[in-house]
Amino acid sequence: MGLEDGNSENARSWARFVATGLVGGVVVAVGVGVGVSLLGSEERGGPQLPLGLPWRRKKNRPVRVYMDGCFDMMHYGHCNALRQARALGDQLVVGVVSDAEIIVNKGPPVTPLNERMIMVNAVKWVDEVIPDAPYAITEEFMKKLFDEYNIDYIIHGDDPCVLPDGTDAYALAKKAGRYKQIKRTEGVSSTDIVGRMLLCVRERSVNENQHHSSLQRQFSHGHSQKFEDRGSGSGTRVSHFLPTSRRIVQFSNGKGPQSDARIVYIDGAFDLFHAGHVEILRKARELGDFLLVGIHTDQTVSANRGAHRPIMNLHERSLSVLACRYVDEVIIGSPWEISKDMLTTFNISLVVHGTVAENSNFEKEEGNPYEVPISLGIFKVLDSSLDITTSTIIRRIVSNHEAYQKRNEKKAASEKRYYEGKAYVSGD
């Protein structure tokens, strides 16, 4: 990727730079964009830039940005990061870290690579996905990103990404002047979600019959009470997510259906949004022009799944569903039973349900929630591609809870070392 106009243009640019940057006898290095290095760099295949000149992107092509991550137990925080990254360019390429790299750097992943690939590919702000990306940006991989994938900038959040030796995983990208930073979404992380489930299991095992407010309300409704972690060291806490209309608008498509659109409706809890959810939403969307998704309230989920559900609250679940490229609109707090009035109000042409679901025996139960659409002949059961439910994800964690507790402890220790190092260097 050489400079556009060769050495002569480079010389003219340098002359202009010196002429305009000489202030009070001091040459001021002017950077372009967020997080651009002031050290200068050498373009592969082109002339070396004089010290102080930032890297310059080729004109007349889309700005391509790269973001990587584990995307384990993908949640609305991941999606918001990808949304912000996409806003910094025209095309977003996402690297999904391999299972082996996650095990070495963080501990065992809850969801394997194939499921994580499904999740990332389904996010509506993602244009391209690279599987088996390295956890750290090595010089070799960075060269591949720049030369083969035409990446202009490497993006990461303002939270630390620390290697086992305590070093910054993005140090090389920063040094090359090709790094930009976005704000981390506060209130959620994969570590936090794992902690919620471990705490849920621990509380249930202490006293199944204890009469206290349900764990679902403690987790999902953002109570200020914090629980003792009882030795896990992970700092497990309740949800601190505060929904705003602005965030919902950011995730929304902002478009309604056409007057003649075939509207397909599917409902559910969509708790711990996973690859099984994505695949059934993809199939549902293929049956019409507009996919409307109903998301049940926390109280409805608790009444039908147990007091410890849902793990994620209504607005957390809504954002995860809204980020899916197959979804056109959601009903936040949809009713359990689908009425004729609801079908008419939303002009629903077809109601669907997957074969793999928490309530797969709904037709045999008293008070079938789909009784009305069944009677009208507009109900269809879809074959689920993946045998995964929210309970599947919870079982994975419970069966290997010690490993995930250690993973949480490891991350907490790495972040502590990182921040202590920053404080020492900066003198804060």
Side-chain angles (χ1 to χ4, degrees), residues 1-23 26-69 81-82 84-95 127-128 130 133-163 165-184 418 421-422 425-426:
M1 295 190 295
L3 292 173
E4 298 101 326
D5 301 313
N7 287 321
S8 58
E9 177 59 26
N10 181 52
R12 287 194 296 272
S13 297
W14 176 237
R16 287 195 299 271
F17 172 80
V18 173
T20 58
L22 193 60
V23 180
V26 179
V27 176
V28 180
V30 181
V32 179
V34 181
V36 175
S37 171
L38 303 182
L39 299 176
S41 61
E42 182 175 353
E43 290 291 323
R44 294 181 179 88
Q48 184 173 357
L49 288 171
L51 183 64
L53 267 182
W55 164 82
R56 295 179 65 186
R57 186 182 63 83
K58 280 187 176 180
K59 295 178 180 178
N60 302 321
R61 71 167 178 81
V63 177
R64 286 169 62 82
V65 296
Y66 172 82
M67 172 173 267
D68 60 14
L82 295 173
Q84 292 181 78
R86 181 62 169 73
L88 294 177
D90 302 306
Q91 296 173 355
L92 173 60
V93 180
V94 180
D127 297 290
E128 188 177 342
I130 302 173
Y135 189 79
I137 301 290
T138 62
E139 189 169 356
E140 180 183 3
F141 186 70
M142 189 166 67
K143 184 180 188 305
K144 184 175 182 178
L145 289 177
F146 295 160
D147 294 349
E148 295 183 24
Y149 289 95
N150 294 318
I151 297 300
D152 296 299
Y153 298 104
I154 294 171
I155 317 292
H156 189 64
D158 55 10
D159 55 317
C161 185
V162 186
L163 299 176
D165 63 2
T167 58
D168 184 357
Y170 293 88
L172 287 176
K174 293 175 181 178
K175 186 177 179 181
R178 308 282 285 272
Y179 178 82
K180 289 190 178 185
Q181 190 166 280
I182 59 171
K183 288 188 68 64
R184 180 185 183 277
Y418 176 85
K422 283 189 72 175
V425 171
S426 63

Is the shortest side-chain N to carboxylate O distance from D152 to R61 below 4.0 Å?
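Judged by the 4.0 Å cut-off on N to carboxylate O distance, D152 and R61 do form a salt bridge.
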Please name all residues satisfying side chain to side chain contact (heavy atoms under 4.5 Å, CB included) with Q91, sequence neighbours left out, ordered by chain then number.
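So Q91 forms a side chain to side chain contact (heavy atoms under 4.5 Å, CB included) with P62, R64, D127.
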Those residues that, when tested against I182, pass side chain to side chain contact (heavy atoms under 4.5 Å, CB included) (two or more places apart):
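Partners of I182 by the side chain to side chain contact (heavy atoms under 4.5 Å, CB included) criterion, ordered by chain and then number, come out as M67, A81, Q84, L88, I155.
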As an exercise, state the distance from [atom1] of [X] to [atom2] of [Y], rounded to the nearest 0.5 Å.
X: K175; Y: E139; atom1: NZ; atom2: CD; value: 8.5 Å
X: K174; Y: I154; atom1: NZ; atom2: CD1; value: 11.5 Å
X: I130; Y: E148; atom1: CD1; atom2: CD; value: 9.0 Å

What pair of heavy atoms forms the shortest contact from [X] to [Y], and how long is it?
X: Y153; Y: Y179; answer: CD2-N, 4.5 Å
X: V94; Y: Y66; answer: C-CE1, 4.2 Å
X: L172; Y: T138; answer: CD1-C, 3.8 Å

Keeping R178 on the side-chain end and I151 on the backbone end, is there a donor-acceptor pair under 3.5 Å?
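At least one qualifying donor-acceptor pair exists.
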Quick check: does any side chain N or O of D158 sit under 3.5 Å from a backbone N or O of K183, one acting as donor and the other as acceptor?
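No; judged by distance alone, with no hydrogens or angles, the pair does not exist.
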Would a 4.5 Å heavy-atom cut-off, applied to side chains only, mark V65 and K180 as touching?
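A side-chain contact under 4.5 Å is absent here.
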Can you find a heavy atom in the side chain of Y170 that is under 4.5 Å from one in the side chain of D68?
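The answer is yes, as the side chains (C-beta and beyond) meet within the 4.5 Å cut-off.
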Suppose we screen for side chain to side chain donor-acceptor pair (under 3.5 Å). Which residues come up paired with Y135, at least two apart in sequence or across chains?
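Here no residue qualifies.
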